[in-house]
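Heavy atoms only: backbone and side chains are in, while hydrogens, waters and symmetry mates are out.
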Amino acid sequence: GPSPAEGEAPPPQAPIVSEHWDDTKTYADQLERSLSLLRERIELLVKRRRETSVSLLEFGKSFVKIGEIESTYEDGTLPKALVDVGHHSEHLSIVYQEQADNETIQVVETIMYYIGLSNAVRDVIKRLQKMVLTRDTIENTLRQCQDTRHKLTKEDEQRKMDLEINNTTQRLDEATKEVISLDQTFQQELRRFHREKQYDIKQMLKAFVDLQQEYSGKMKTSWESVLPSVEAIKTD
């Protein structure tokens, strides 16, 4: 169609739809809070495992000490069982420590990664919102220039204002394109974020379940291995 006459308002800019930004920010906020709470719970579990590891080590040393004392009285099945259980407890302390280390690597690190990504999502939204404010400021400046242009009567002043309007219109176009371009990139990255998150959370859950099964198996096998020494204690 024909271009607008000098001083007249250009065609309205394409509206920038930003409603989804608020929804995405709310989602990112909720995800970060939930992940942070989960991280606290897992870190508490890891802390308790490490504390149990230390306790078992001391527990084992005490059993060994009692076994050594008993062996000075008799060189029988009781001292042997006490020493076996003591050394066994020391071995279990290592199992607890390894479990704590594995849970940190397999679970806590994944959680921390997605807490960081949730923060990054919010940062991009803040940047987009700031860019929209800049664009809106330019648009208001353009309207003011157009209003002023209609009131001017001197030709040289009109030419200067027309130049200002053209420059401001160009800035408005560039600002609008920048917002739209960043938003498109953001939406693409957001879709990738959801895809990867689904895969990574699944892998994290599977790793956690596998770790618990492996841990339970080690504990069962370990205690069963020391049972013969305990059952062999003669009580006659």
Side-chain angles (χ1 to χ4, degrees), residues 27-122 193-236:
Y27 168 78
D29 289 340
Q30 293 173 343
L31 181 63
E32 184 195 6
R33 284 196 297 270
S34 298
L35 288 173
S36 296
L37 183 61
L38 179 59
R39 181 197 64 192
E40 290 175 8
R41 297 294 183 263
I42 293 292
E43 286 178 343
L44 181 60
L45 175 64
V46 168
K47 179 174 179 287
R48 287 177 177 170
R49 292 212 196 282
R50 288 185 172 138
E51 289 171 348
T52 302
S53 172
V54 173
S55 297
L56 275 171
L57 184 60
E58 297 305 317
F59 182 69
K61 289 177 181 178
S62 297
F63 261 120
V64 171
K65 184 66 176 176
I66 295 172
E68 290 172 349
I69 293 171
E70 284 294 322
S71 68
T72 62
Y73 174 72
E74 64 162 326
D75 189 19
T77 54
L78 178 58
K80 181 180 183 304
L82 287 166
V83 171
D84 284 349
V85 170
H87 288 316
H88 178 72
S89 297
E90 292 174 1
H91 166 71
L92 284 180
S93 74
I94 297 174
V95 173
Y96 270 91
Q97 182 64 46
E98 288 176 346
Q99 182 72 9
D101 292 342
N102 288 333
E103 285 170 344
T104 299
I105 294 170
Q106 298 288 349
V107 180
V108 176
E109 290 185 0
T110 299
I111 292 172
M112 291 299 295
Y113 174 71
Y114 277 96
I115 288 175
L117 285 185
S118 298
N119 286 326
V121 167
R122 289 207 305 269
F193 165 79
H194 285 299
R195 285 195 307 270
E196 292 183 356
K197 173 176 57 65
Q198 184 171 354
Y199 174 81
D200 288 341
I201 296 296
K202 176 185 176 182
Q203 293 302 111
M204 181 191 74
L205 290 173
K206 186 177 184 305
F208 185 74
V209 171
D210 289 345
L211 279 172
Q212 303 315 307
Q213 288 181 325
E214 181 184 353
Y215 167 72
S216 298
K218 284 181 180 178
M219 295 296 287
K220 183 175 183 295
T221 302
S222 187
W223 281 117
E224 285 175 347
S225 70
V226 82
L227 192 58
S229 293
V230 176
E231 290 179 336
I233 298 173
K234 295 178 181 178
T235 57
D236 305 308

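The distance from the OG atom of S89 to the CD1 atom of I94 is 11.5 Å, given to the nearest 0.5 Å. For the atom pair CD1 of I111 and CG of L38, the computed distance is 3.5 Å after rounding to the nearest 0.5 Å. For the atom pair H88 NE2 and S93 OG, the distance stands at 10.5 Å (nearest 0.5 Å). The NZ atom of K197 lies 10.5 Å from the CG atom of L117; values are rounded to the nearest 0.5 Å. To the nearest 0.5 Å, atom CZ of residue R122 and atom CG of residue L31 are 9.5 Å apart. Annotation: the span from L56 atom CG to H91 atom NE2 amounts to 11.0 Å, rounded to 0.5 Å.
The side-chain heavy atoms of R49 and Q97, taken from C-beta on, include no pair separated by under 4.5 Å. Here the side chains of L35 and M112 are not in contact, with every heavy-atom distance at 4.5 Å or above. When side chains are defined from C-beta on, R33 counts as touching D29, because their heavy atoms get closer than 4.5 Å.
Legend: side-chain hydrogen bond (donor to acceptor under 3.5 Å, both in side chains) pairs involving residues 52-71, not counting sequence neighbours: none detected. For residues 38-60, the ring pair (Phe, Tyr, Trp, His ring centres under 6.0 Å) pairs, not counting sequence neighbours, are F59-F63. A ring pair (Phe, Tyr, Trp, His ring centres under 6.0 Å) check over residues 195-222, counting only residues at least two apart or in different chains, returns the pairs Y96-Y215.
Contact detail for G67 and L82: the closest heavy-atom pair is CA-CB, 3.6 Å. When all heavy atoms of S225 and P228 are compared, the closest pair comes out as O-CD, 3.5 Å.
With S216 contributing its side chain and Q213 its backbone, the two residues share no donor-acceptor pair below 3.5 Å. Between the side chain of H87 and the main chain of V64, no donor-acceptor pair closer than 3.5 Å is present. Looking at T72, its side chain does come within 3.5 Å of a backbone N or O of I69 through a donor-acceptor pair.
Checked against salt bridge (Lys or Arg N to Asp or Glu O under 4.0 Å), E109 has no partners two or more places apart in sequence or in another chain. For Y27, the ring-ring contact (aromatic ring centres under 6.0 Å, His included) test picks out H194, with sequence neighbours left out. With sequence neighbours left out, E90 forms a salt bridge (Lys or Arg N to Asp or Glu O under 4.0 Å) with no residue at all.
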Begin with the C-alpha distance, continue with both residues' side-chain angles, and end with the deciding distance and a verdict on side chain to side chain contact (heavy atoms under 4.5 Å, CB included) for K80 and I233.
CA-CA 9 Å; K80 181 180 183 304; I233 298 173; over 6 Å; no
Could you walk me through whether Y114 and T110 pass the side chain to side chain contact (heavy atoms under 4.5 Å, CB included) check? CA-CA 6 Å; Y114 277 96; T110 299; 4.2 Å; yes
Could you go step by step and tell me if V85 and S229 meet the side chain to side chain contact (heavy atoms under 4.5 Å, CB included) rule? CA-CA 8 Å; V85 170; S229 293; over 6 Å; no
**Prompt:** Can Q99 and Q212 be said to form a side chain to side chain contact (heavy atoms under 4.5 Å, CB included), step by step?
**Reply:** CA-CA 9 Å; Q99 182 72 9; Q212 303 315 307; 3.4 Å; yes
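At a threshold of 4.0 Å, the pair E51-K47 counts as salt-bridged, since one of the basic side-chain nitrogens sits closer than that to a carboxylate oxygen.
Enclosure of atom CD in E224 by more than 12 non-hydrogen atoms of other residues, nucleotides or ligands within 6.0 angstrom is indicated.
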